[in-house]
Amino acid sequence: MPQLGIEIVGPSGRHGDFRSQACRWEVRLGVISEPENIKAILSTQFNDFELGPKRYRDFSPFLGNGIFTIDGPAWKHSRELLRPNFTKLQLDSNLDTLEVHVEHLLAKIPRDRSTVDLQQLFFKLTMDASTEFLFGVSTNSLLSTSQDFGEAFSAAFEEAQWGVSLRPRLGKLNDFYTNRTFIQACKVVHQFVDELVQRALSSSKALNAEKSSYCFLQELAKDVKDRQELRDHAINILIAGRDTTAGLLATTFFILARRHDVWTELRRSVETLQGRKPKLEELKDMKYLQFILKEVLRLYPTTPLNNRHAARDTSLPVGGGPDGKSRVLIRKNQRVTYAVYAMHRREDLFGSDAAEFRPERWETLRPGWNYLPFNGGPRTCLGQQFALTESAYVIVRLMQEFSDIEARDSAPFTEMLVLHT
Ligand code: HEM
């Protein structure tokens, strides 16, 4: 018989040392960082777990029935529908579209060594580029003369996202609290997207037919005719790709500004391009750059914590019994949180220097279920290649324009929590 229990995540990210004393506490918390158990939840026992009703309750007022809120056959349908469009998004020609927005970004960075907040600019960049790829119309928030669409949409999107992030914290209190600003922001975003959906549906030509680049919504409208469904897909993809990529870029530059050795080494590979704008294949071949991105996502995963609900009584492979090697029982509806952040910093998995930023480790590291910045299994991130290409391109272009970087504040790295369930 499996035993009731859950594995332990210790304060330093190591686990298992004080299992017996803390067991009751950990059962309540239900936080795990064991690769074998995470693999079971996300892959081998995929059907035993789901996102659960709370995610739907909290996210659906903004995200509707989108890929981030739904389970079962509805999710499978969404995934099958969206996946082919992500393959097309990878085309080399999309880098030309991205370049337009990178140039807007470059124009916002002062050349007289005065201080600039790159993080804010990265958030604008990813909003501008994502809306262009998704809708064929960009918010162009990096342009000083941004159009009405840009400002109103970006502000409402941020407000709605903030509102969504508050809902899980309020829990049952949501029933007694009407967040009017949130409701209004959702309305504005929905109206904007509805107009673009309408255009995509009614036009047989591409929304951005005058340009050669790819428009996600237009492609999707070839298969989906339901307006609400198209709107939900579009908003879910925007929320999936925007902050995550901006966060990766901001963290990378936070580190580059403090690690002159890493900056110098990276410059060497950027210089091999001799000032040319990088092509997709060239970005993939820049090994040190890829190592840096992997290392940033190891130490600072964009989704540090995630969770699933048990759809039925089940068990996980390890963590039970006096020695922690037996299976552990998970009751139906029990929430299991998996801590990717803690797992990525475990010394038994990444070595005694696990807490150090060392891109070179990726020369020999071949991780499996112990490295999950993009999740794993059937619900693995659909935008992984897109995000890595976009980030790599932006980093290279910035380094081609600026020969050095300097940290202008002494504050320690501080995370910002955006969405959680
Ligand atoms: C550094 C950038 C990114 C990171 C670290 C990241 C990470 C993740 C993670 C951890 C999940 C799993 C969420 C869950 O199941 O609870 C996920 C799912 C997803 N991501 Fe990403 N993501 C990134 C960028 C993007 C981009 C740019 C897009 C789209 C343009 C995207 C589209 C998606 C979609 C559609 C899903 C849902 C997959 C499903 O449920 O079947 N992501 N991502």
Side-chain angles (χ1 to χ4, degrees), residues 38 41-43 46 49-52 54-56 58-59 63 65-90 94 98 122-123 125-127 129-135 168 214-217 219-220 232-252 290 292-309 335-341 343-344 371-395 418-421:
I38 300 180
I41 293 169
L42 297 180
S43 176
F46 180 74
F49 294 91
E50 51 190 27
L51 301 181
K54 282 196 186 134
R55 175 138 11 151
Y56 186 79
D58 295 331
F59 287 11
L63 298 178
N65 293 309
I67 194 161
F68 271 115
T69 59
I70 50 180
D71 283 303
W75 160 76
K76 205 160 184 271
H77 168 75
S78 281
R79 177 119 187 153
E80 280 164 8
L81 204 72
L82 296 176
R83 200 179 31 212
N85 291 292
F86 277 96
T87 318
K88 294 183 202 154
L89 251 185
Q90 281 312 304
N94 287 321
L98 180 59
F122 289 143
F123 274 88
L125 173 78
T126 53
M127 176 61 104
S130 301
T131 45
E132 173 110 44
F133 287 124
L134 254 178
F135 305 135
Y214 174 80
C215 171
F216 201 100
L217 190 59
E219 287 296 314
L220 208 55
D232 293 348
H233 287 312
I235 295 178
N236 276 259
I237 294 167
L238 190 53
I239 210 159
R242 191 251 176 160
D243 282 0
T244 45
T245 314
L248 172 58
L249 281 168
T251 310
T252 305
Q290 299 300 335
I292 289 174
L293 290 172
K294 285 182 177 160
E295 188 70 343
V296 171
L297 287 166
R298 183 181 70 82
L299 282 175
Y300 306 96
T302 317
T303 311
L305 287 173
N306 205 335
N307 55 57
R308 294 291 188 258
H309 285 243
R335 185 163 91 148
V336 183
T337 298
Y338 54 101
V340 170
Y341 181 94
M343 179 172 75
H344 284 182
Y371 179 70
L372 294 174
F374 293 99
N375 230 26
R379 283 196 97 128
T380 200
C381 173
L382 276 169
Q384 174 170 349
Q385 287 316 316
F386 180 79
L388 291 173
T389 305
E390 187 178 6
S391 306
Y393 187 86
V394 175
I395 294 167
V418 181
L419 280 185
H420 76 114
T421 52

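Each ligand, and each atom within it, is numbered from 1 in the order the structure gives. Throughout, numbering of the chain's residues begins at 1 and tracks the sequence.
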Margin query: Below 3.5 Å, N or O to N or O, backbone or side chain included: is there any such pair between Arg379 and ligand 1?
Written below: yes
Note to self: Which of the numbered atoms in ligand 1 are under 4.0 angstrom from any heavy atom belonging to Thr303?
What the structure shows: 10 (C)
Checklist line | Per-atom contacts, ligand 1 versus Arg55 - under 4.0 Å to a heavy atom | finding: 14 (C), 16 (O)
Next item on the list: Return the minimal non-hydrogen interatomic distance between Leu382 and Arg83, and the atom names on each side.
Entry: CD2-CG, 3.6 Å
Checklist line | The single option from Tyr300, Tyr338, Tyr371 passing ring pair (Phe, Tyr, Trp, His ring centres under 6.0 Å) against His344 | finding: Tyr371
Check: How close do Ser391 and Ala387 get, heavy atom to heavy atom, and via which atoms?
Finding: OG-O, 2.7 Å
Margin query: Tell me the protein heavy atom at minimum distance from atom 38 (C) of ligand 1, and give that distance in Å.
Written below: Arg79 NH1, 3.4 Å
Check: Got a second to check how far Gln384's CD is from Leu297's CG, nearest 0.5 Å?
Finding: 9.0 Å
Notebook entry, point to check: How long is the span from the CZ atom in Arg55 to the CG atom in Leu63, to the nearest 0.5 Å?
Noted result: 9.5 Å
Item checked: 4.5 Å side-chain heavy-atom contact, Leu372 and Leu42 -> yes
Next item on the list: Provide the closest heavy-atom pair for Asp58 versus Pro168 in the form atom of the first, atom of the second, distance.
Entry: OD2-CA, 3.3 Å
Notebook entry, point to check: Starting from atom 15 (O) of ligand 1, which protein heavy atom do you reach first, and at what distance in Å?
Noted result: Arg308 NH2, 2.8 Å
Check: Are any side-chain N or O atoms of Asn85 and backbone N or O atoms of Phe216, one a donor and one an acceptor, separated by less than 3.5 Å?
Finding: no
Check: What distance do Leu388 atom CG and Leu248 atom CG have between them, rounded to the nearest 0.5 Å?
Finding: 7.0 Å
Checklist line | Flag, side chain of Asn236 to backbone of Phe68, donor-acceptor distance under 3.5 Å | finding: yes
Next item on the list: Among all protein heavy atoms, pick the one closest to atom 13 (C) of ligand 1 and tell me residue, atom and distance.
Entry: Asn306 ND2, 3.8 Å
Checklist line | Residues forming a side-chain contact (heavy atoms from CB on, under 4.5 Å) with Ser78, sequence neighbours excluded | finding: Ile67, Ile70, His233
Note to self: Starting from atom 7 (C) of ligand 1, what is the nearest protein heavy atom, named by residue and atom, and what distance separates them?
What the structure shows: Pro373 O, 3.6 Å
Item checked: ligand 1 versus Lys76: contacting region, heavy-atom distance under 4.0 Å -> neither
Check: For Cys381, does its backbone N or O pair with a side-chain atom of Asn375 as donor and acceptor, under 3.5 Å?
Finding: no
Next item on the list: Could you check atom 36 (C) of ligand 1 against the protein and tell me its nearest heavy-atom contact, residue, atom and distance included?
Entry: Phe68 CZ, 3.7 Å
Notebook entry, point to check: Given Arg379 and Leu51, is the side-chain contact (heavy atoms from CB on, under 4.5 Å) satisfied, shown in steps?
Noted result: CA-CA 11 Å; Arg379 283 196 97 128; Leu51 301 181; 3.4 Å; yes
Check: Can you find an N/O atom of Tyr338 closer than 3.5 Å to an N/O atom of ligand 1?
Finding: no
Check: What is the closest protein heavy atom to atom 5 (C) of ligand 1, and at what distance does it sit?
Finding: Thr302 OG1, 3.4 Å
Check: Any N or O of Thr380 that comes nearer than 3.5 Å to an N or O of ligand 1?
Finding: no
Next item on the list: Using 2.8 Å as the cut-off, note every protein N, O or S atom close to atom 21 (Fe) of ligand 1.
Entry: Cys381 SG
Next item on the list: Considering non-hydrogen atoms only, spot the tightest contact between Thr126 and Glu390 and give its length.
Entry: CG2-OE2, 4.0 Å
Notebook entry, point to check: Nearest to atom 30 (C) of ligand 1, what protein heavy atom do you find, and at what distance?
Noted result: Phe86 CE2, 3.6 Å
Check: Counting from 1, what ligand 1 atoms have a heavy atom of Phe386 closer than 4.0 Å?
Finding: 27 (C), 30 (C)
Check: Quick one: does Arg83 get a heavy atom under 4.0 Å from ligand 1?
Finding: no
Next item on the list: Spell out, as yes or no, whether a donor-acceptor pair under 3.5 Å connects the side chain of Thr302 to the backbone of Pro373.
Entry: no
Notebook entry, point to check: Can a non-hydrogen atom of Phe133 be found less than 4.0 Å from any atom of ligand 1?
Noted result: no
Check: If you count the atoms of ligand 1 from 1 in the order shown, which ones are under 4.0 Å from a heavy atom of Trp75?
Finding: 39 (C), 40 (O), 41 (O)
Item checked: His233 to ligand 1, any heavy atom closer than 4.0 Å -> no
